[in-house]
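Some notes on the structure that comes next.
Note on naming: letters A, B, ... go to the chains in the order of the sequence lines (proteins, then strands), and numbering restarts at 1 for each one.
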Amino acid sequence: MRVRFPCASVVRPLGAAVLSRPAMKSGSRRIVEVLGGQVEVGAEVVIEGWVRTRRDSKAGLSFVHVHDGSCFAPLQVVAPGALANYEAEVLRLTSGCSVRVRGVVVESQGKGQALEVEARALEVLGWVEDPDTYPMPQKRHSMEHLRTYAHLRPRTNLIGAITRVRHTLAQAVHRFFDARGFYWIHTPIVTTSDAEGAGEMFRVSTLDLANLPRTPEGAIDFTQDFFGREAFLTVSGQLNVEAYCLAMSRVYTFGPTFRAENSHTRRHLAEFWMIEPELAFAALDDDVALAVDFLKSIFGALLEERADDLGFFASHVDTAEPRCIERLERLVRADFERMSYGDAIAHLEKAATKFEFPVRWGVDLQSEHERWLTEEVVRGPVVVTDYPREIKAFYMRQNEDGRTVAAMDVLAPGIGEIIGGSQREERLDVLDARIREMGLDPSHYGWYRDLRRYGTVPHAGFGLGFERAIQYATGVDNIRDVIPFPRAAGQAEF
RNA sequence: UCCGGGAUAGCUCAGUGGUAGAGCGAUCGGCUGUUAACCGAUUGGUCGCAGGUUCAAAUCCUGCUCCCGGAGCCA
């Protein structure tokens with residue numbers, strides 16, 4: 001995918017954010033305030049930002065487009081030749097220079113912007129030392145190139161837009177839960193539980209790798225390690241948040257999560273952010289309803305608050321049909337399709353396509369199957385429920401049929417599983433039997449079993465990969481481009 | 001981890017054994033209330049690294065490193 005780097009010529013509708021003036025600055029305004037009409041025409045303002053483009057007119061003035069991150073559109077600064085430093089500095093401005101501009105807000109004589117700032121003074125705060133090798137000049141860049149300059153890529157239209165979308169979605173997540181009485185639980189990053197069972201874990205240790213302490217039997221002696229036992233980075237906050245759920249009733253986590261899988265795909269990171277609500281006195285249907293309500297709410301907020309950035313994704317980035325704005329609008333309005341795993345298998349068995357992995361009841365859905373369901377059968381997101389117990393985690397609640405569990409996945413076109421959740425097994429005897437059945441030892445699940453021993457209640461929850469939600473919302477192909485500094489197998493620069 | 005593709009100018013790429021190319025960028029000039037600006041000129045290379053074959057290697061062979069896509073794992 002190629003993305004055009006230079007500023008778009010069309011001013012998009014601005015976000016709804018109303019910015020208050022920062023207390024520590026005198027008269028300095030963010031560009032979104034000026035372009036959003038929050039500053040009167042004729043008023044003097046100070047603008048601080050980075051030059052994106054400069055065009056000179058031999059009428060003796062220059063047009064300098066400046067970004068400060070506050071919105072998608074640039075501010076056009078008109079720099080008259082009468083400026084004291086016009087010849088010496090303004091005519092030497094290149095993409096990437098940082099500037100402070102004092103000027104007057106005026107109606108633009110040109111097309112492409114309604115308002116602009118006529119400079120009375122333009123101060124260069126920082127030059128670009130060699131414009132020929134500046135990695136972010138005004139031209140098209142490949143995503144791969146941007147990725148190798150993770151520290152400079154936020155200066156591009158694309159990464160700037162992603163950054164604002166990511167922020168807006170994060171805020172919408174917290175607002176959604178807060179409005180419904182959910183408490184944000186800061187579950188631990190470091191875990192000593194080897195029971196999370198959601199993939200390979202990163203070890204956390206202060207032991208000297210070159211000189212490991214040994215037990216008499218020759219094993220590594222973790223009692224001498226920092227925590228007195230083996231420790232890892234969390235792969236899920238779910239088990240911990242269940243404890244708070246069975247006291248606070250409605251809780252959620254929103255934090256970093258780590259998987260040491262050696263994955264090389266556009267959908268995987270070693271460090272990513274996950275959102276995991278947990279709802280007490282609830283069954284699977286409540287969980288599905290919460291998930292659907294959640295997706296509609298956060299994407300609805302995004303449509304309202306970041307129309308400028310979404311317009312850019314729809315016109316320059318997204319290649320799926322329908323493009324992101326229409327896709328999100330449909331999702332916000334639509335009733336979500338829902339089907340059981342059994343029905344999904346039936347659909348797949350009827351499919352005209354021959355799958356690489358043959359379909360039969362009992363197999364887990366492969367990427368190709370999820371794609372068929374979302375892109376061909378439903379043509380949109382779909383909730384699949386009641387999976388075979390053999391392919392799901394030990395904590396999921398067993399259904400009456402004895403062969404399925406109360407699990408649900410929300411599948412989205414182009415992304416695959418965007419949400420995975422379940423009703424949890426609240427019956428201690430059933431949970432213990434399940435743990436043993438999977439060859440695990442109930443004694444390792446002490447505190448988790450306590451939750452079933454003392455005042456257990458039906459409860460349910462789900463997990464949502466935050467970056468995948470951003471991918472879905474923007475149409476950005478590679479997950480490494482929707483997180484500021486991606487960490488993946490073999491990649492932790494910056 | 002497996003399968004496939006790739007690494008040549010600041011960027012994106014062409015170049016299948018015989019003197020290293022284009023577009024974009026950058027620089028300079030022309031033109032213009034400009035806005036993917038336009039026109040002209042200039043600049044720009046240890047062809048990923050290490051070996052090998054050959055009179056001759058960006059090109060063929062071997063190994064390595066890294067990147068991209070897909071699969072698995074999963075969110």
Side-chain angles (χ1 to χ4, degrees), chain A residues 1-11 52-65 73-80 91-92 94-96 106 108-113 116 118 128 130-149 157 197-200 235-236 238 256-276 316 356-357 364-368 370-371 393 409-412 415-421 462-472 477-480 483 488-491 493:
Chain A
M1 172 173 41
R2 304 270 158 67
V3 176
R4 196 178 59 185
F5 170 76
C7 24
S9 57
V10 179
V11 174
R52 192 64 64 76
T53 63
R54 187 197 90 228
R55 288 176 299 277
D56 307 318
S57 165
K58 278 300 183 294
L61 67 162
S62 294
F63 301 93
V64 183
H65 278 187
L75 175 72
Q76 174 155 284
V77 172
V78 182
L91 288 180
R92 286 175 49 221
T94 60
S95 194
V106 297
S108 179
Q109 299 172 37
K111 292 171 187 165
Q113 62 281 316
E116 61 193 20
E118 202 171 285
V128 167
D130 180 6
D132 190 38
T133 56
Y134 178 55
M136 297 290 136
Q138 178 211 356
K139 74 181 289 292
R140 290 170 188 238
H141 293 289
S142 66
M143 304 295 274
E144 293 78 17
H145 176 69
L146 296 182
R147 223 170 282 149
T148 59
Y149 292 95
N157 278 338
E200 293 296 312
V235 294
S236 165
Q238 182 201 315
T257 309
F258 306 87
R259 303 276 167 89
E261 307 287 351
N262 192 17
S263 299
H264 295 106
T265 80
R266 58 183 185 81
R267 304 184 309 280
H268 290 88
L269 289 166
E271 176 183 284
F272 62 100
W273 287 60
M274 193 151 66
I275 297 154
E276 297 169 292
H316 288 84
E356 187 186 343
F357 293 88
D364 205 356
L365 297 182
Q366 304 291 319
S367 294
E368 57 178 343
E370 295 179 350
R371 218 175 302 130
D409 285 352
V410 180
L411 309 178
I415 304 291
E417 182 185 332
I418 191 169
I419 281 181
F462 62 80
L464 168 115
F466 188 49
E467 284 75 19
R468 290 197 180 166
I470 300 170
Q471 283 186 277
Y472 179 76
D477 276 334
N478 196 308
I479 199 168
R480 296 172 193 202
I483 190 167
Q491 186 175 64
E493 215 189 335

Determine whether a donor-acceptor pair (N or O, by modelled atom type, separation under 3.5 Å) exists between the side chain of [X] and the backbone of [Y].
{"X": "A:E368", "Y": "A:E356", "answer": "yes"}
{"X": "A:E118", "Y": "A:V77", "answer": "no"}
{"X": "A:R259", "Y": "A:L269", "answer": "no"}
{"X": "A:D409", "Y": "A:L411", "answer": "no"}
{"X": "A:S95", "Y": "A:R52", "answer": "yes"}

Check the distance between [N]'s [atom2] and [X]'s [atom1] and give it to me in whole angstrom.
{"X": "A:L91", "N": "B:G29", "atom1": "CG", "atom2": "C1'", "result": "13 Å"}
{"X": "A:F357", "N": "B:A71", "atom1": "CZ", "atom2": "C1'", "result": "7 Å"}
{"X": "A:D130", "N": "B:G25", "atom1": "CG", "atom2": "C1'", "result": "12 Å"}
{"X": "A:R54", "N": "B:A37", "atom1": "CZ", "atom2": "P", "result": "13 Å"}
{"X": "A:E368", "N": "B:C74", "atom1": "CD", "atom2": "P", "result": "16 Å"}
{"X": "A:R267", "N": "B:G72", "atom1": "CZ", "atom2": "P", "result": "7 Å"}
{"X": "A:Y134", "N": "B:C11", "atom1": "OH", "atom2": "C1'", "result": "14 Å"}
{"X": "A:H65", "N": "B:A37", "atom1": "NE2", "atom2": "P", "result": "9 Å"}

With a 4.0 Å limit, can you tell me whether [X] has a side-chain N or O closer than that to the phosphate oxygens OP1/OP2 of [N]?
{"X": "A:S62", "N": "B:U34", "answer": "no"}
{"X": "A:R52", "N": "B:A36", "answer": "no"}
{"X": "A:Q76", "N": "B:G33", "answer": "no"}
{"X": "A:Q366", "N": "B:G72", "answer": "yes"}

Of the nucleotides [options], which has the atom closest to the [X] side chain?
{"X": "A:Q109", "options": "B:C74, B:G72, B:G33", "answer": "B:G33"}
{"X": "A:V78", "options": "B:C74, B:G33, B:U34", "answer": "B:G33"}
{"X": "A:H145", "options": "B:C74, B:U12, B:G33", "answer": "B:U12"}
{"X": "A:E116", "options": "B:U34, B:A36, B:G72", "answer": "B:U34"}

For [N] and [M], measure between their [atom1] atoms and round to the nearest Å.
{"N": "B:U19", "M": "B:U59", "atom1": "P", "answer": "14 Å"}
{"N": "B:G5", "M": "B:G48", "atom1": "C1'", "answer": "16 Å"}
{"N": "B:G21", "M": "B:C60", "atom1": "C1'", "answer": "22 Å"}
{"N": "B:C31", "M": "B:C39", "atom1": "C1'", "answer": "8 Å"}
{"N": "B:U42", "M": "B:A37", "atom1": "P", "answer": "23 Å"}
{"N": "B:G18", "M": "B:A56", "atom1": "C1'", "answer": "7 Å"}
{"N": "B:A14", "M": "B:C47", "atom1": "C1'", "answer": "13 Å"}
{"N": "B:A57", "M": "B:A50", "atom1": "C1'", "answer": "15 Å"}

Side chain to side chain donor-acceptor pair (under 3.5 Å) involving [X] - partner list, sequence neighbours excluded:
{"X": "A:R267", "answer": "none"}
{"X": "A:S108", "answer": "A:Q113, A:E116"}
{"X": "A:R371", "answer": "none"}

For nucleotides 38-47 of chain B, tabulate all protein N/O to nucleotide N/O atom pairs closer than 3.5 Å, reporting atom names and distance.
none

If each of A:Y149 and A:P131 is mapped to the nucleotide of RNA chain B with the nearest heavy atom, which maps nearer the 5' terminus, i.e. the 5' end?
A:Y149
Sorted by position of nearest nucleotide on RNA chain B, 5' first, the leading residue of A:F63 and A:E417 is A:F63
When rounded to the nearest 0.5 angstrom, what is the spacing between CE in A:M274 and CD in A:Q238?
8.5 Å
Checking A:R480 against A:Q491: is there a side-chain donor and acceptor pair closer than 3.5 Å?
yes
Taking atom types as modelled, find out whether A:T265 and A:H268 have a side-chain donor-acceptor pair closer than 3.5 angstrom.
yes
Identity of whatever pairs with [N] - Watson-Crick or G-U, under 3.5 angstrom:
{"N": "B:C38", "result": "B:G30"}
{"N": "B:C47", "result": "none"}
{"N": "B:C55", "result": "B:G18"}

Please work out if [X] contacts a base, only the sugar-phosphate, or nothing of the nucleic acid, heavy-atom cut-off 4.0 Å.
{"X": "A:G420", "answer": "nothing"}
{"X": "A:T257", "answer": "nothing"}
{"X": "A:I418", "answer": "sugar-phosphate"}

Base of B:C73 paired with side chain of A:S263 (donor-acceptor, under 3.5 Å):
yes
Tell me every residue that passes salt bridge (charged side-chain N to carboxylate O under 4.0 Å, His left out) with A:E370, counting only those two or more places apart in sequence or in another chain.
none
Nucleotide N/O to protein N/O under 3.5 Å, stretch nucleotides 66-69 of chain B:
unit_1	atom_1	unit_2	atom_2	d
B:C68	OP1	A:R147	NH1	2.8
B:G69	OP1	A:N478	ND2	3.0
B:G69	OP2	A:N478	ND2	3.4

